[in-house]
Amino acid sequence: MPDINDKYFLYTLVALAAAWLLPRIKRRLELSLAKHSSLAGHPRTARRISKLVPYYAFDEALFFKVDGAPPAIEAARRAGFARLAQTYATRFARSAALTAQAQAGISDLQFTSTYRVPFPFSRHVREHLRGGAFAAASSGVSVTDLDNNVFYDLTGSYGVNLFGYDFYKKCIADAAVRVDSLGPVLGAYHPVVADNVARILRISRMDEVSFHMSGTEAVMQAVRLAQYHTGRTHLVRFCGAYHGWWGDVQPGIGNPQTAHKTYTLREMHNSTLHVLATRKDIACVLVNPLQALHPNGAAPGDSSLLDGSRRAAYDRNAYTDWLRALRKICSERGIVLIFDEVFLGFRLAPGGAQAYFGVKADMVTYGKTIGGGLPIGVVAGGRAWMQRFHPERPADISFARGTFNAHPYVMAAMNEFLVKLECDGEVARMYLDLDQRWDARAARWNQRLDAAGLPLRVANMSSVFTVTYTQASRYHWMLQFYLRTAGLALSWVGTGRLIFSLNYSEADIDAVIERFVSAGLAMQADGWWWQPKGYRFKHVRRQIAAEMVAAHWRRLRAAAGFPAA
Ligand SMILES: Cc1ncc(COP(=O)(O)O)c(C=O)c1O
């Protein structure tokens with residue numbers, strides 16, 4: 001028989017353990033509830049699952065009929081593909097030849113060319129549709145390749161190209177003249193830096209600025225400062241949001257290491273606000289306002305168009321409310337609110353996303369276009385967050401350097417950009433009725449797509465567009481190749497992101513729409529959008545799951561020494 005004292009001792013132990021455990025379980029549950037249900041919302045699980053995805057490639061026979069297309073459709077697709085391949089081989093010959101020559105030595109190019117389309121199709125596409133990754137010239141809203149093909153540029157140079165390529169060429173040329181006498185001297189500042197600082201502080205309504213070499217570095221620095229000043233460990237990023245390729249802001253697929261100091265939470269959701277209101281380890285919240293176009297969705301690329309579904313819709317009021325709610329909770333909890341405006345920067349308004357949404361952040365990162373065409377990253381913030389040392393504790397510092405920060409040529413090109421942003425009438429005109437103009441263009445585009453009977457729509461956030469698909473298909477990614485032959489240049493993410501510079505005229509847009517529609521009609525005529533009866537996105541997903549199981553099975557058989565079936 002246990003002694004009564006033993007019993008009380010046991011009860012006390014259990015009670016203590018429960019008192020210790022239960023709040024932790026509760027907080028863990030709350031964190032789980034604040035995660036988006038998609039795989040992107042669970043980066044660690046996504047990384048684990050990514051390792052289980054087996055490679056398989058469709059051979060020539062299957063490539064044209066993975067959806068069970070009948071012989072007539074398969075033949076139409078084959079003929080269309082052969083025609084495209086022929087066009088590519090003749091029209092892009094020089095660009096393709098140089099690409100083939102250089103590719104083995106350029107890791108980035110190998111990656112982007114492999115991941116242009118869903119992987120089971122990639123090998124066959126790379127063998128036959130060699131587009132080329134080189135360009136020779138740019139002018140107005142166009143780029144020209146090595147074969148003298150002129151394309152409407154929908155790449156936007158990853159967002160850098162806001163006011164048109166000629167604008168940036170002039171920024172760079174004038175900058176080079178202005179800093180010519182100092183040249184590439186580093187460490188000592190060219191006087192133009194002082195004017196840049198004054199302008200960025202005025203635009204951002206912040207107290208201090210730091211210069212970096214890329215947007216990724218700017219984000220690293222903003223997060224590091226937030227951790228330094230709050231003494232807290234964790235950063236919050238939202239599901240799907242891109243903030244550069246630094247590991248802590250990319251905790252899922254793509255990062256070989258687990259990011260232990262990152263919470264990936266659900267954007268535009270009350271459970272996230274609850275987590276921010278209750279946890280004590282959160283240093284900062286990173287917001288990429290571009291996510292307003294597809295909250296909680298990963299950056300849309302055609303390689304992830306597996307089942308063909310892609311959702312996008314921008315609601316300015318709803319996103320503004322969300323930012324206000326974030327602002328309030330961050331202020332209450334001493335969490336640093338960081339707007340990552342590296343991509344959207346001055347695309348929404350001359351004052352950036354802060355001015356556009358009417359919400360003030362604690363720190364802002366800029367990049368891309370603010371460099372006037374040269375590489376850049378900028379952090380602007382309140383003094384309390386930006387300082388890198390404690391006056392009372394001289395050894396307690398937050399260190400940040402960078403050989404090329406404040407490079408004279410970059411600073412002068414930036415100055416050209418900033419001066420024009422604030423003072424140039426032509427630039428001011430581009431901002432007039434900006435959203436209405438681009439929304440009207442998107443509406444016109446969608447009317448044309450509807451009238452043409454194409455399963456395509458566009459969605460936009462100001463001048464950033466994405467293509468969505470109204471039916472299930474395994475072949476939507478083919479559109480990017482038809483678009484290229486129609487004279488529309490896309491970046492390697494294909495139809496996921498079309499970025500317009502603000503100097504696109506109505507006539508340019510109409511031309512883009514017509515080319516887009518004619519490319520869509522050609523693809524439709526070639527049978528790629530044929531569907532089995534009742535085909536839905538879920539059917540495609542099931543089919544892909546079955547393909548993966550079969551691929552694993554083949555591997556197991558091969559490992560066990562069985563001949564290929
Ligand atoms: C929102 C955002 N933050 C950071 C980055 C990283 O900038 P960079 O590519 O200059 O390192 C990007 C790049 O696309 C971005 O879109």
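Just follow the structure's listing: the first ligand is 1, and inside any ligand the first atom is 1.
- Figure legend: Arg484 and Phe151 shown as a cation-pi pair, the cationic atom lying under 6.0 angstrom from the six-membered ring centre and within 45 degrees of its axis.
- Applying the 6.0 Å contact sphere to NZ of Lys360 captures more than 12 heavy atoms from other residues, nucleotides or ligands.
- Summary of contacts: the protein heavy atom closest to atom 10 (O) of ligand 1 is Gly215 N, 2.9 Å.
- Closest to atom 2 (C) of ligand 1 by heavy atom, among Val249, Asp340, Ile376, is Asp340.
- Backbone and side-chain nitrogen or oxygen atoms of Trp245 are examined, and none is located within less than 3.5 angstrom of a nitrogen or oxygen of ligand 1.
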What donor-acceptor contacts under 3.5 angstrom involve side-chain atoms of residues 240-247, with partners at least two apart or in another chain?
unit_1, atom_1, unit_2, atom_2, d
His243, ND1, Asp340, OD2, 2.8

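- Relative orientation of the Tyr409 and His407 rings is tilted, given thresholds of 30° and 60° on the angle between their planes.
- Partners of Thr369 under the side-chain hydrogen bond (donor to acceptor under 3.5 Å, both in side chains) rule, at least two apart in sequence or in another chain, are Tyr168.
- Between Lys368 and ligand 1 there is a heavy-atom distance shorter than 4.0 Å.
- Between Phe163 and Phe417, a ring centre-to-centre spacing shorter than 6.0 Å is recorded.
- A salt bridge is absent between Asp302 and Arg497; no separation between the charged side-chain nitrogens and carboxylate oxygens falls under 4.0 Å.
- Less than 4.0 angstrom separates some heavy atom of Ser214 from each of these atoms of ligand 1: 10 (O), 11 (O).
- Residue, atom and distance of the protein heavy atom nearest to atom 11 (O) of ligand 1 are Thr216 OG1, 2.5 Å.
- The protein heavy-atom contact nearest to atom 16 (O) of ligand 1 is Phe343 CB, 3.3 Å.
- Counting heavy atoms under 4.0 Å from ligand 1, residue Asn288 touches it through the side chain alone.
- Contact atoms of ligand 1 toward Tyr242: 1 (C), 2 (C), 12 (C), 13 (C), 14 (O), 15 (C), 16 (O) (distance under 4.0 Å to a heavy atom of the residue).
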